[in-house]
Every structure is written in C-alpha cells, then in structure tokens.
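Worksheet for the structure shown next.
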Amino acid sequence: MKKTVALLLFCALLCGAASCAKDSGSGKEGGDLPFEVTVGGGDVGSAAVEVDPDALVKGICEKYELTEGFIFTSSSTELGEYLDEDLIQSYYGDATDSPDFTKVADYCLYVDESDPDIIIDVGVFHMADKSYADTLMQYLQARIDVKIENGARYTNIDVATLKKSVVAKSKGGDYVYYVVSYNTVEISEEIKSAVNG
C-alpha cells in the first residue's frame, strides 16, 4: 500500500513539473522581453533557467539605444570581439590580479567608454563554476569603485551612473550581472527577471 501511494505521489510530482516547464518555456511575459529564457533539464524540482547572454545583452542594447560602445562576447572568435587576457586585466583587474574566466561558461557585455567622463556598462556572465560567482562580483564591483574614486579626484567624471550601479547574481549563482547606466533600475530588473526565471 505504501509503495502504491509513493508511486502515485511521484507521478503527480512529475506531471506538475512537466506542466510548469511547458508553461514557462518561453519565459516571455506578453512579448515584452527582447530575449529568450528557457527552462533546462535536471532532477525534478531543480530545473535551471538557461539564458543566452548574447541575446539578453544585445536585446537590452537595442531597447535602450546603447550604440556608442563595444559588445564583447564569448561566442566570437574574432580578436577584439571577445575578452582576451589583456582586456580582462584592463577592465576587471590590475597588473597582478584579474578574474579567472575559465570559471565563466559564456558571457556578453557592453562597454561604452566613448566619453571618458561617463561609464556605461552592461554585462551578463553565465558561470561554469557557481562557487566563483561572489569572487567575480567582487572584481566587477572593484571596477566601479575605482571609477568612483577617480571621480572624486577629477570633477569632470560623471559618477551618477556609477553610484546607482548594480552588481548581482541569480538565485542559484548560475549568472552574475552588472549594470552601470542611466537606466540601471530598468535594465537590472529585466536581467534579474531573465536569470531568475
């Protein structure tokens, strides 16, 4: 009798999980989001959200008309379109220390330094090693902190966007993202919604 009840409960759980995955497969809410979210596999009750960082960041750039900067993506094989060691060190590290991008599965980021007095960044990193998420966040925050410190020394630097910046990770640590923009609140909410499903 116990085995029969346990089997029936397990079947009900499987049906419920399949129904949830089917309902939330597109992740689009009324077609508002310029990117696609899918629910990945795994054990019952532990389905992970899978987001394409390229589609997410490029969709945001299009929506918020971020066109003056550069997009770097791990999906590119063209030098200058992905972050090589020098660019990683330049943006997120220093001469002696920089983040370990072997811990990142894929990424896409927009960096606009066309005006040296204003910083606009949007980045989404899909972690290969979730335990490294907090460390990567520290490097991203350090970039922002250095720019704020420079702003205190040089009054021409606009630190308004930097002071409202967001550095965060998804609930499970699968994704790390950061936003430095005049639309930080809106953009970070869109990314948060995408990476948390």
Side-chain angles (χ1 to χ4, degrees), residues 20-40 42 46-76 81-83 91-92 99 101 103-115 118-128 130 132-134 136-145 147-148 158-197:
C20 288
K22 185 176 179 183
D23 291 343
S24 63
S26 71
K28 294 186 180 182
E29 298 175 10
D32 291 345
L33 302 177
F35 45 84
E36 200 166 307
V37 179
T38 58
V39 177
S46 65
V49 173
E50 291 182 18
V51 175
D52 178 0
D54 280 11
L56 179 52
V57 172
K58 289 174 182 177
I60 284 170
C61 288
E62 183 178 327
K63 181 174 180 178
Y64 292 94
E65 299 179 358
L66 302 175
T67 58
E68 300 297 316
F70 296 99
I71 291 179
F72 298 100
T73 171
S74 57
S75 65
S76 177
E81 292 180 2
Y82 62 88
L83 294 175
Y91 287 139
Y92 305 115
F101 267 59
K103 312 269 188 191
V104 177
D106 55 333
Y107 62 84
C108 186
L109 60 134
Y110 171 83
V111 176
D112 183 355
E113 294 181 331
S114 56
D115 182 340
I118 301 171
I119 303 298
I120 306 292
D121 282 13
V122 177
V124 176
F125 304 84
H126 181 199
M127 303 306 296
K130 294 189 285 188
Y132 194 71
D134 289 336
L136 180 58
M137 288 172 62
Q138 290 170 1
Y139 281 107
L140 299 176
Q141 187 62 54
R143 171 174 167 78
I144 294 164
D145 293 343
K147 300 293 183 184
I148 291 173
D158 181 1
V159 295
T161 58
L162 293 162
K163 288 184 176 178
K164 294 179 182 177
S165 64
V166 169
V167 178
K169 64 180 177 179
S170 61
K171 291 176 191 171
D174 294 294
Y175 294 89
V176 170
Y177 60 94
Y178 79 117
V179 181
V180 182
S181 168
Y182 290 110
N183 302 101
T184 292
V185 173
E186 298 90 338
I187 293 172
S188 61
E189 282 301 315
E190 288 193 27
I191 296 173
K192 179 181 177 182
S193 174
V195 299
N196 287 319

Self-check item: Trace of the side-chain contact (heavy atoms from CB on, under 4.5 Å) decision for Val176 with Tyr132
Solution: CA-CA 10 Å; Val176 170; Tyr132 194 71; over 6 Å; no
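- Taking CG of Asp115 as the start and CG of Asp158 as the end, the distance is 8.5 Å to the nearest 0.5 Å.
- The closest side-chain donor-acceptor pair between Ser114 and Glu68, if any, does not fall under 3.5 angstrom.
- Rounding to the nearest 0.5 Å gives a distance of 9.5 Å between CD of Glu113 and CZ of Phe70.
- Counting only heavy atoms from C-beta outward, the side chains of Asp112 and Leu66 never approach each other to under 4.5 Å.
- One finds the CZ atom of Arg143 at 6.0 Å from the CD1 atom of Ile119 (value rounded to the nearest 0.5 Å).
- Side-chain atoms of Lys147 and Val159, non-hydrogen and from C-beta on, never get closer than 4.5 Å to each other.
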Self-check item: side-chain contact (heavy atoms from CB on, under 4.5 Å) assessment of Leu109 paired with Leu83
Solution: CA-CA 10 Å; Leu109 60 134; Leu83 294 175; 3.6 Å; yes
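- No more than 12 heavy-atom neighbours from other residues, nucleotides or ligands sit within 6.0 angstrom of CD on Glu62.
- The shortest side-chain heavy-atom distance between Glu186 and Glu189 does not fall under the 4.5 Å cut-off.
- Taken to the nearest 0.5 Å, the NZ atom of Lys169 stands 12.5 Å off from the CG atom of Leu140.
- Note on ring orientation: taking the six-membered ring where Trp is involved, the planes of His126 and Tyr175 are parallel (angle under 30°, cut-offs 30° and 60°).
- A heavy-atom distance below 4.5 Å is found between the side chains of Cys61 and Ile71.
- Between Asn196 and Ser170, the closest side-chain pair of non-hydrogen atoms falls below 4.5 Å.
- Taking the six-membered ring where tryptophan is involved, the planes of Phe101 and Tyr107 are perpendicular, since the angle between them exceeds 60° and thus also 30°.
- Looking only at side-chain heavy atoms (C-beta outward), Lys103 and Leu136 stay at 4.5 Å or farther from each other.
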Exercise. Begin with the C-alpha distance, continue with both residues' side-chain angles, and end with the deciding distance and a verdict on side-chain contact (heavy atoms from CB on, under 4.5 Å) for Ser75 and Asp106.
Key: CA-CA 7 Å; Ser75 65; Asp106 55 333; over 6 Å; no
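- Tyr178 OH to Tyr92 OH: the interatomic distance, rounded to the nearest 0.5 Å, is 2.5 Å.
- The shortest distance between side-chain heavy atoms of Val179 and Ile60 does not fall below 4.5 Å.
- One distance of note links CD1 of Ile148 with CD of Gln141; it measures 7.0 Å at 0.5 Å rounding.
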